[in-house]
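Worksheet: the structure to be examined is printed underneath.
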Amino acid sequence: MTDQPRDAHRRLREQLGVYALGHGTPEERAAVRAHLDGCAACRAELAELTPLTGRLAGVDPDRLDDLPAPPPELADAVLARIAAAGPGPVDLAARRARRTRWAAAAAAAVVAAVAFGAGWLSRPLPPAPPLEPVAVAVVAEGVRATADVVPHTWGVEVKLSGAGFTAGQVYRVTVLDEAGRDVPAGQFIGVGAEQLDCNLNSSVLREDAAGFAVLDASGAVVLSSTF
Ligand SMILES: [Zn+2]
């Protein structure tokens, strides 16, 4: 058995909380329904989740952080009472009561975790950053490379992929800005014939970046790119 069906099943199982809360796209809900028809384990899990959904229906996952924290004096009061009680004979009733309180706290934590998970799962994924392929001119023999750049608010990122960078040698990457300055964008170590994928970040904004270059330990240009 490959991992594929197991992964698919895990994903469906993760959807159960979302489904129980009535969230998810029509397609996702239909997929969960179809799966539930043939999977007793997931039906049982859904049956366990369903009683929780009534309590969660009114909870906006985005506002969980706004829930009031217990007042700080509560902790002091509890500590004072423990100190006052001191070491004494084991009181089974008190111990049982304590255990009940712990169970209630654990149940509340589970409810919060489910609410958080459901909120997280139903939140849309952030869009993938736009990759802009750029032409790479390789100077050094035996090196092959491709590159994409990603514009960020803090500067441009160069995603460099390739092979043939001398193993153990430190390479330096600079981004050329429009004023003709070479701005450092980081370093990497060559891994020889092995495939190398690395992300290099510079403080030059995409609109101010004119290209980049990879230099070897002696400062010679190994490859360069003009945007
Ligand atoms: Zn299942």
Side-chain angles (χ1 to χ4, degrees), residues 1-15 17-18 24-25 27-28 31-32 35 61-62 65 113 116-227:
M1 181 173 159
T2 68
D3 272 338
Q4 222 61 18
R6 212 185 304 158
D7 279 352
H9 189 236
R10 187 170 47 78
R11 271 197 298 279
L12 265 163
R13 241 191 146 109
E14 286 168 350
Q15 289 275 324
V18 178
T25 66
E27 291 82 350
E28 285 167 342
V32 172
H35 176 72
D62 289 325
D65 284 345
F116 174 79
W120 182 74
L121 283 170
S122 59
R123 199 163 295 172
L125 289 171
L131 281 181
E132 181 195 339
V134 291
V136 173
V138 176
V139 181
E141 217 172 299
V143 170
R144 54 181 181 75
T146 59
D148 297 283
V149 298
V150 184
H152 293 286
T153 52
W154 40 260
V156 71
E157 176 186 9
V158 176
K159 289 178 170 293
L160 180 70
S161 294
F165 298 95
T166 306
Q169 180 165 176
V170 173
Y171 292 85
R172 207 154 48 81
V173 181
T174 58
V175 166
L176 182 70
D177 74 7
E178 277 182 332
R181 276 185 304 247
D182 286 321
V183 179
Q187 302 181 329
F188 63 90
I189 297 172
V191 290
E194 254 179 78
Q195 172 74 14
L196 175 144
D197 298 292
C198 63
N199 303 331
L200 302 136
N201 298 307
S202 90
S203 60
V204 182
L205 292 171
R206 171 64 189 93
E207 62 262 36
D208 300 326
F212 77 90
V214 175
L215 313 173
D216 68 12
S218 72
V221 173
V222 175
L223 62 88
S224 65
S225 173
T226 307
F227 305 157

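Computed over heavy atoms, backbone and side chain alike; hydrogens, waters and symmetry mates excluded.
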Please report the C-alpha distance between Val150 and Val156 in whole Å, then the side-chain angles of each, then the deciding distance to 0.1 Å, and finally whether the side chain to side chain contact (heavy atoms under 4.5 Å, CB included) criterion is met. CA-CA 6 Å; Val150 184; Val156 71; over 6 Å; no
As an exercise, state the distance from CD of Gln187 to OG1 of Thr174, rounded to the nearest 0.5 Å. 11.0 Å
Is it true that atom CD of Gln195 has more than 12 heavy atoms of other residues, nucleotides or ligands lying nearer than 6.0 Å? yes
For Ser202 and Val183, indicate whether the former's side chain and the latter's backbone hold a donor-acceptor pair under 3.5 Å. no
Within the 4.5 Å heavy-atom criterion, are Arg172 and Val170 side-chain neighbours or not? no
I'd like to check His35 versus His9 (side-chain heavy atoms, cut-off strictly below 4.5 Å). Are they in contact? yes
Hey, are the side chains of Val214 and Phe188 touching, using non-hydrogen atoms and a 4.5 Å cut-off? yes
Would a 4.5 Å heavy-atom cut-off, applied to side chains only, mark Lys159 and Leu131 as touching? yes
On a heavy-atom basis, the closest approach of Leu205 and Gly155 is CD2-N, 3.7 Å
Leu223 and Ala145 have their tightest heavy-atom pair at CD2-CB, 3.6 Å
Looking at side-chain heavy atoms only, is the closest gap between Leu160 and Leu200 below 4.5 Å? yes
Check against side chain to side chain contact (heavy atoms under 4.5 Å, CB included), Arg144 and Val138: CA-CA 7 Å; Arg144 54 181 181 75; Val138 176; 5.6 Å; no
To the nearest 0.5 angstrom, please state how far the CG atom of Asn199 sits from the CG atom of Asp148. 10.0 Å
Close side-chain approach of Leu215 and Val222, heavy atoms under 4.5 Å: no
For Thr166, does its backbone N or O pair with a side-chain atom of Gln169 as donor and acceptor, under 3.5 Å? no
Kindly indicate whether the side chain of Phe212, heavy atoms from C-beta on, has any atom under 4.5 Å from the side chain of Val173. yes
Would you name the heavy atoms of Leu176 and Asp182 that are closest together and state the gap between them? CD1-OD1, 3.4 Å
Would you check, one step at a time, whether the test side chain to side chain contact (heavy atoms under 4.5 Å, CB included) holds for Glu207 with Glu178? CA-CA 9 Å; Glu207 62 262 36; Glu178 277 182 332; over 6 Å; no
Quick one: sort the Tyr171 and Phe165 rings into parallel, tilted or perpendicular, breaks at 30° and 60°. perpendicular
